[in-house]
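Worksheet for the structure shown next.
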Protein chains: 2
Amino acid sequence: MPRNGTDLKPRILAEARKILLEDGYTALSTRRVAGEVGCTAAAIYHYFENKDALLHALIDEGFELLHDRLEAVPKGEGHLRGLCAAYVDFSSANPEFYEVMFHLHPTQMERYPVERYRAQRDYLALLGNAINVSRQESAHSPHSALRAATLVWSTLHGAISLHQAMRIDKSLRGPDLLDDAIRLAMRAVEISPLPSQPGISS
Amino acid sequence: MPRNGTDLKPRILAEARKILLEDGYTALSTRRVAGEVGCTAAAIYHYFENKDALLHALIDEGFELLHDRLEAVPKGEGHLRGLCAAYVDFSSANPEFYEVMFHLHPTQMERYPVERYRAQRDYLALLGNAINVSRQESAHSPHSALRAATLVWSTLHGAISLHQAMRIDKSLRGPDLLDDAIRLAMRAVEISPLPSQPGISS
DNA sequence: TAGGGCACTAAACAGTGATAACTTATCAGT
DNA sequence: ACTGATAAGTTATCACTGTTTAGTGCCCTA
């Protein structure tokens, strides 16, 4: 029952996505979206509870993109490595999506339902499966696989985060760090989830 | 030459630090700082070029804190592990400092001089030294040490980032992830900085 | 054709960073 | 001691931001 010809909601979403991808998260304002769509900022609040809900919808899109990317990785030999590479590729190809998906703190998006992140995180299950396969003994508990998968994820995320925030040294090439992180993430499988022994490692 | 008794600059800085530590980065506004200091928001601009410059001063404090923490780690056996643990400890003890130091993107702080991060990053040199010592052959190039140190750093940062952003699964304990990350970071030393061989890992 | 509800607008509120113009206090030089 | 320059603020304003409230007009149904 739109008054304006086409329904406004998809157009709002499309324009918001365009702004996010072209000019980044900081450029995404309700008034600008409204301006480019051709309506008032208040109209957005008919379709989204608040600005965070709009951003939330974009984050959902990002998770779907990531999901498709990871699902497309051929299974079998080298599956885990492929998943890691695909994750890093996604972050490089869609830095703006990656930022809003993983980099915004709850303090910056107060009303954002944190649970939704967890629900979307089936890529952790994907990682967990690949890890269980790559492990010699398949007698590991699901919790152990989830824990290892989280470590893999966090390793990749750390490199991506520093790379995107331009924190790494000029003399270091960003892709090199990402490659190193992938190689290191592979070793995360070997980290034993036993109670941490306080001895000296090496 | 203060008109108001005490010089305003340190009081602005102190109040800003208090707000940052108590209510977080998002609560830090020029007007609130001014209000609690007892001056006008415009007065801040006499002592700091802009809000980012004020935050910049706080970030400097954070780097000094981190520096002291890392310098206090006893050298010798287990130095690298001690540095990693100290880094993680710092992030847990000062999450607000950690956020503004490492989590704010340049897009969020446009005018922030990125170079300054690099100048402050002597902890990378500390890590590099510890890595060179822990390595059997000391014939590694400085670039290799820096690269390995960056990988160690990024591994720790990834776990800290996800932990602080509350992105890790409910069934997983945050400290466990941080411990795992430290253990994995130790293995970063073994990652060869050679051109990546496309073979299958394990 | 009358009524009701949906889709939207206009206007405003409270807050943000930032700037220009103005006032006032302090200090140096004569 | 007086004058002038400068430092140290204030006041007022601009251009934004997210969000809410009240009101308007169109469309569909009865």
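Heavy atoms only: backbone and side chains are in, while hydrogens, waters and symmetry mates are out. Residue numbers begin at 1 in each chain, while the letters A, B, ... track the order of the sequences.
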Scan for salt bridge (charged side-chain N to carboxylate O under 4.0 Å, His left out) pairs involving residues 20-30 of chain B, sequence neighbours excluded, and state none if there are none. B:Asp23-B:Arg32
Taking only N/O atoms, report every protein-nucleotides 12-15 of chain C pair under 3.5 Å with atom names and distance.
residue: C:dA12; atom: N6; partner: A:Arg31; partner atom: NH2; Å: 3.2

By nearest nucleotide on DNA chain C, pick out whichever of B:His46 and B:Ala41 is the more 5' one. B:Ala41
Would you mind reporting whether B:Arg187 and A:Ile191 have side-chain heavy atoms less than 4.5 Å apart? yes
Scan the side chains in residues 39-46 of chain A for donor-acceptor partners under 3.5 Å anywhere in the protein, sequence neighbours excluded, and list what turns up.
none

B:Met101 side chain reached by B:Leu58 side chain, heavy atoms, under 4.5 Å: no
Which pairs pass salt bridge (charged side-chain N to carboxylate O under 4.0 Å, His left out) with one or both residues in residues 84-104 of chain A, sequence neighbours excluded? none
Do any side-chain nitrogens or oxygens of B:Tyr45 fall under 4.0 Å of OP1 or OP2 in C:dA20? no
Within this structure, what is the CD1-to-C1' distance between B:Ile12 and D:dG9, rounded to whole angstrom? 11 Å
By the 4.0 Å heavy-atom rule, please label A:Ile44 as base, sugar-phosphate, or nothing. nothing
Please state whether the phosphate of C:dC8, meaning OP1 or OP2, lies under 4.0 angstrom from any side-chain nitrogen or oxygen of A:Thr40. no
Between the two ends of the helix from C:dT1-D:dA30 to C:dT30-D:dA1, what is the bend in degrees, rounded to 10 degrees, where each end axis spans five pairs? 20°
Does the side chain of A:Ser161 pick up a donor-acceptor pair with the side chain of A:His103 at under 3.5 Å? yes
What residues, two or more places apart in sequence or in another chain, satisfy ring pair (Phe, Tyr, Trp, His ring centres under 6.0 Å) together with B:Phe97? none
